[in-house]
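Below is one structure, written out as structure tokens; the observations come after it.
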Amino acid sequence: MFKDIVVFLPSRNEPEKLDKSLEMLINTSNSSENYDICCIIDNDQINMYGPVVAKYNNVKFEVLEHNSKNYSNIMDFHFNFIENTDYYFNWWVTDDFYGLQRDWDQKIISKKDIFADGYYTLYTNNLMSRN
């Protein structure tokens, strides 16, 4: 089945925060049929993230080589993923975001094709300018 949204969620050193973010995304969504989640974790932290990976069977986990001086591999993965899939929306979030409202996925999908050229910028906001 085609899904309109892919949520990218990279994480490093924070498996507990990743777990809470995933729980929030899933528990506040309207339907898992609307979106996929792609978590990016580093190859040197596979064991640290093992319990989170095991808990979420429907989440895609991508393991990339860690390079503390250059994160271009994450950007390259993201670019190639978007170029080779047909998601309408891609949303990049952090492993420590919070405050997601119920039915977030349906609210995003309601904006599909709102502009004739297909371009749409999705951003989130809050008073702290953090998320």
Side-chain angles (χ1 to χ4, degrees):
M1 167 180 238
F2 176 77
K3 297 181 181 182
D4 281 316
I5 305 167
V6 61
V7 180
F8 286 97
L9 208 170
S11 184
R12 178 149 181 91
N13 297 325
E14 301 289 354
E16 297 83 16
K17 288 181 179 178
L18 177 61
D19 184 30
K20 287 180 181 180
S21 292
L22 289 171
E23 198 171 280
M24 177 184 58
L25 280 162
I26 293 165
N27 290 340
T28 58
S29 72
N30 179 276
S31 171
S32 62
E33 299 299 316
N34 292 333
Y35 64 93
D36 286 321
I37 300 172
C38 182
C39 290
I40 301 168
I41 57 176
D42 294 321
N43 63 338
D44 62 336
Q45 296 191 333
I46 293 171
N47 291 336
M48 179 189 299
Y49 281 87
V52 178
V53 172
K55 183 176 176 181
Y56 296 98
N57 297 333
N58 294 330
V59 171
K60 299 175 183 188
F61 287 89
E62 186 69 30
V63 178
L64 299 180
E65 185 174 338
H66 176 65
N67 181 343
S68 62
K69 306 236 185 278
N70 185 336
Y71 299 107
S72 65
N73 62 333
I74 296 173
M75 303 311 271
D76 290 343
F77 170 78
H78 181 249
F79 177 81
N80 290 330
F81 187 95
I82 295 304
E83 286 291 308
N84 292 298
T85 58
D86 289 325
Y87 293 98
Y88 191 87
F89 297 100
N90 72 85
W91 185 25
W92 192 297
V93 298
T94 61
D95 61 7
D96 61 349
F97 85 113
Y98 57 90
L100 197 54
Q101 294 182 4
R102 184 152 291 293
D103 299 327
W104 62 267
D105 53 323
Q106 196 59 46
K107 291 172 184 170
I108 291 172
I109 291 172
S110 73
K111 303 301 181 188
K112 185 175 180 178
D113 295 323
I114 196 169
F115 298 110
D117 62 7
Y119 286 103
Y120 185 85
T121 300
L122 176 67
Y123 69 94
T124 54
N125 61 14
N126 72 15
L127 297 176
M128 302 298 290
S129 298
R130 173 71 173 97
N131 297 313

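If you read the sequence from its start, that first residue is 1, and numbering goes on from there.
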- Gap separating the CG atom of Asp96 from the NZ atom of Lys17, nearest 0.5 angstrom: 5.0 Å

- Message: For a quick test of reading the model, state the closest non-hydrogen atom pair linking Ser110 to Lys107 and the distance between them.
- Response: OG-O, 2.7 Å

- Return the set of residues passing side-chain contact (heavy atoms from CB on, under 4.5 Å) with Phe61 (not counting sequence neighbours), or none when no residue passes. Leu18, Leu22, Cys39, Val52, Val53, Tyr56, Val59

- Which pair of heavy atoms, one from Glu62 and one from Cys38, lies closest together, and at what distance? CB-SG, 4.4 Å

- To the nearest 0.5 Å, tell me how far Ile37 CD1 sits from Ile26 CD1. 4.5 Å

- Task: Just jot down the side-chain contact (heavy atoms from CB on, under 4.5 Å) partners of Asn70, sequence neighbours excluded, or say none.
- Result: Asn67, Ser72

- In terms of heavy-atom contacts, Asn13 and Tyr49 come closest through N-OH, 3.1 Å

- Pairs involving residues 67-85, ordered by first then second residue, that meet salt bridge (charged side-chain N to carboxylate O under 4.0 Å, His left out) (sequence neighbours left out): none

- Task: Using a cut-off of 6.0 Å, state whether more than 12 heavy atoms not belonging to Asn80 lie near its atom CG.
- Result: yes

- Note on the structure: Taken in chain and number order and not counting sequence neighbours, the residues that satisfy salt bridge (Lys or Arg N to Asp or Glu O under 4.0 Å) with Lys55 are Asp19, Glu23

- To the nearest 0.5 angstrom, please state how far the CD atom of Glu14 sits from the CG atom of Asp95. 6.0 Å

- Query: Can you find a pair of side-chain heavy atoms, one from Trp104 and one from Leu25, that are under 4.5 Å apart?
  - Reply: yes

- Query: How would you list, by chain and number, every residue that makes a salt bridge (Lys or Arg N to Asp or Glu O under 4.0 Å) with Asp44, sequence neighbours excluded?
  - Reply: Arg12

- Message: Return the NZ to CG distance between Lys60 and Leu9, rounded to the nearest 0.5 Å.
- Response: 14.5 Å

- Rounded to the nearest 0.5 Å, what separation is found between the CG atom of Asp4 and the CZ atom of Phe2? 5.0 Å

- Classify the angle between the aromatic ring planes of Phe97 and Trp91 as parallel (below 30°), tilted (30 to 60°) or perpendicular (above 60°). perpendicular

- Message: Under a 3.5 Å distance rule, please check whether Lys3 uses its side chain to pair with a backbone N or O of Ser32 as donor and acceptor.
- Response: yes

- Item | Expected output: side-chain Tyr88 to main-chain Asp113 donor-acceptor under 3.5 Å | yes

- CD1 of Ile5 to OG of Ser29, rounded to nearest 0.5 Å, is 9.5 Å

- Message: Under 4.5 Å side-chain heavy-atom separation, chaining through any Ile, Leu, Val, Met, Phe, Trp or Tyr, what else clusters with Met75? Say none if it is isolated.
- Response: Val6, Phe8, Ile40, Leu64, Tyr71, Ile74, Phe77, Phe81, Ile82, Tyr87, Trp92

